[in-house]
Amino acid sequence: MSKGRAEAVAGASGILLRYLQEQNRPYSAQDVFGNLQREHGLGKAAVVKALDQLAQQGKIKEKMYGKQKIYFADQEQFDMVSDADLQALDAKIVALTAKVQSLQQSCRHTEAELKELTSALTTPEMQKEIQELKKECAGYTERLKTIKAATNHVTPEEKEQVYRERQRYCKEWRKRKRMATELSDAILEGYPKSKKQFFEEVGIETDEDYNLKLPDP
């Protein structure tokens, strides 16, 4: 083993031993590497080697689970815990869990309130918005006055007259279009060329040529 690698393993051993003793739960080498790599910058090879050395020295325990090796702190170094102590710890865990849930709920409410306040307009922004709305309303009011004062309003009778004329012209348009179609179809029955060629030779222009569409009745 090179000197640099030996120093890396030695440095990792102390960190890993302290971590396993503090956590006091089983970990695989991958778990330990993932949990400590960012904080301590440990390499995976150094973590595996350091764990194996600690196990060989009897400072930690190892156990095989299938193809995976698990490492954990030597339990003999810890004081025996009575059933009463375990029950007290369980009660403490329950209380702390409830406290965490309460704090999480409080944080969610605070975040929602903060989001609402952040999205709301400030007093200067609100005042500016009010002034813009007042200006807009004044413009609409002035426009309405101009419209009401105009003398060229269309009366209901004039509107009805225009509507009736429109219907009459559309009816005539529809009638003439139908007559032209029937006439051209009759001619095309004995015409040796296509309909398009016939229209081009005769000079017939259709509504479709000008993107015109007959209004609905």
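The basis for the numbers below is simple: all heavy atoms, side chains too, and nothing from hydrogens, waters or symmetry mates.
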Kindly list each side-chain donor-acceptor pair under 3.5 angstrom involving residues 128-140, sequence neighbours excluded, with atom names and distances?
unit_1 : atom_1 : unit_2 : atom_2 : d
Glu136 : OE2    : Tyr140 : OH     : 3.2

Expected list for residues 99-120: side-chain donor-acceptor pairs under 3.5 angstrom, two or more places apart:
unit_1 : atom_1 : unit_2 : atom_2 : d
Thr110 : OG1    : Ser106 : O      : 2.8
Thr118 : OG1    : Leu114 : O      : 2.6
Ser119 : OG     : Lys115 : O      : 3.1
Ser119 : OG     : Glu116 : O      : 3.0

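Contact annotation: the side chain of Thr123 approaches that of Gln127 to within less than 4.5 Å [non-hydrogen atoms, C-beta and beyond]. The side-chain heavy atoms of Val32 and Leu16, taken from C-beta on, include a pair separated by under 4.5 Å. Within the 4.5 Å cutoff, the side chain of Lys175 has no heavy atoms near those of the Lys171 side chain.
With sequence neighbours excluded, the residues satisfying side-chain hydrogen bond (donor to acceptor under 3.5 Å, both in side chains) with Ser194 are Gln197. Remark: Tyr27 pairs with Tyr19 by the ring-ring contact (aromatic ring centres under 6.0 Å, His included) rule, at least two apart or across chains. When the side-chain hydrogen bond (donor to acceptor under 3.5 Å, both in side chains) test is applied to Lys193, the partners found at least two apart in sequence or on another chain are Glu201. The side-chain hydrogen bond (donor to acceptor under 3.5 Å, both in side chains) check on Lys177 picks up Asp207, with sequence neighbours excluded. Partners of Arg164 according to the salt bridge (Lys or Arg N to Asp or Glu O under 4.0 Å) rule, which considers only residues two or more places apart in sequence or in another chain, are Glu160. By the salt bridge (Lys or Arg N to Asp or Glu O under 4.0 Å) test, Arg176 is found to be paired with Glu172, residues two or more places apart in sequence or in another chain being considered. Applying the side-chain hydrogen bond (donor to acceptor under 3.5 Å, both in side chains) criterion to Tyr65, with sequence neighbours excluded, gives no partner residue. In this structure Glu142 satisfies the salt bridge (Lys or Arg N to Asp or Glu O under 4.0 Å) test with no other residue, sequence neighbours excluded. Applying the ring-ring contact (aromatic ring centres under 6.0 Å, His included) rule to Tyr191 yields the partners Phe198; only residues at least two apart in sequence or on another chain are considered.
Atom CG of residue Leu54 and atom CD1 of residue Ile60 lie 4.5 Å apart, to the nearest 0.5 angstrom. Expressed to the nearest 0.5 Å, how far CG of Asp31 lies from CZ of Arg25 amounts to 7.5 Å. The CD1 atom of Ile70 lies 10.5 Å from the CG atom of Leu51; values are rounded to the nearest 0.5 Å. Atom OG1 in Thr97 sits 12.0 Å away from atom NZ in Lys92 (nearest 0.5 Å). Here the CG-CG distance, from Asp74 to Leu20, works out to 11.5 Å after rounding to the nearest 0.5 Å. Once rounded to the nearest 0.5 Å, the distance linking CD of Glu62 with CZ of Phe72 reads 9.0 Å.
Residue pairs meeting the salt bridge (Lys or Arg N to Asp or Glu O under 4.0 Å) criterion with at least one member in residues 50-61, sequence neighbours excluded: Asp52-Lys69.
Between Gln161 and the options Glu158, Glu157, Glu165, Lys159, a side chain to side chain donor-acceptor pair (under 3.5 Å) holds for only Glu165.
More than 12 heavy atoms of other residues, nucleotides or ligands sit less than 6.0 Å from atom CE of Met64.
When every heavy atom of Ala46 is checked against every heavy atom of Ala12, the shortest pair comes out as O-CB, 4.3 Å. Contact detail for Glu125 and Thr122: the closest heavy-atom pair is OE1-N, 2.9 Å. The two atoms that bring Phe33 and Lys44 nearest to each other are CE1-N, 3.4 Å, heavy atoms only. When every heavy atom of Lys213 is checked against every heavy atom of Trp173, the shortest pair comes out as O-CH2, 4.0 Å. What you find for Val47 and Ala29 is that their closest heavy atoms are CG1-O, 3.9 Å.
In this structure, Glu39 contributes its side chain and Gln37 its backbone to no donor-acceptor pair below 3.5 Å.
Cluster annotation: Val162 and Tyr169 are assigned to distinct hydrophobic clusters (Ile/Leu/Val/Met/Phe/Trp/Tyr, side-chain heavy-atom contacts under 4.5 Å, transitive). Clustering ILVMFWY residues whenever any of their side-chain heavy atoms sit less than 4.5 angstrom apart, transitively, puts Met179 in a cluster other than the one holding Leu183. Note: the hydrophobic cluster containing Leu96 does not contain Val94 (ILVMFWY, side chain heavy atoms under 4.5 Å, direct or indirect links).
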Legend entry - Step-by-step side chain to side chain contact (heavy atoms under 4.5 Å, CB included) determination, Ile15 to Leu42: CA-CA 10 Å; Ile15 295 172; Leu42 301 177; 4.3 Å; yes
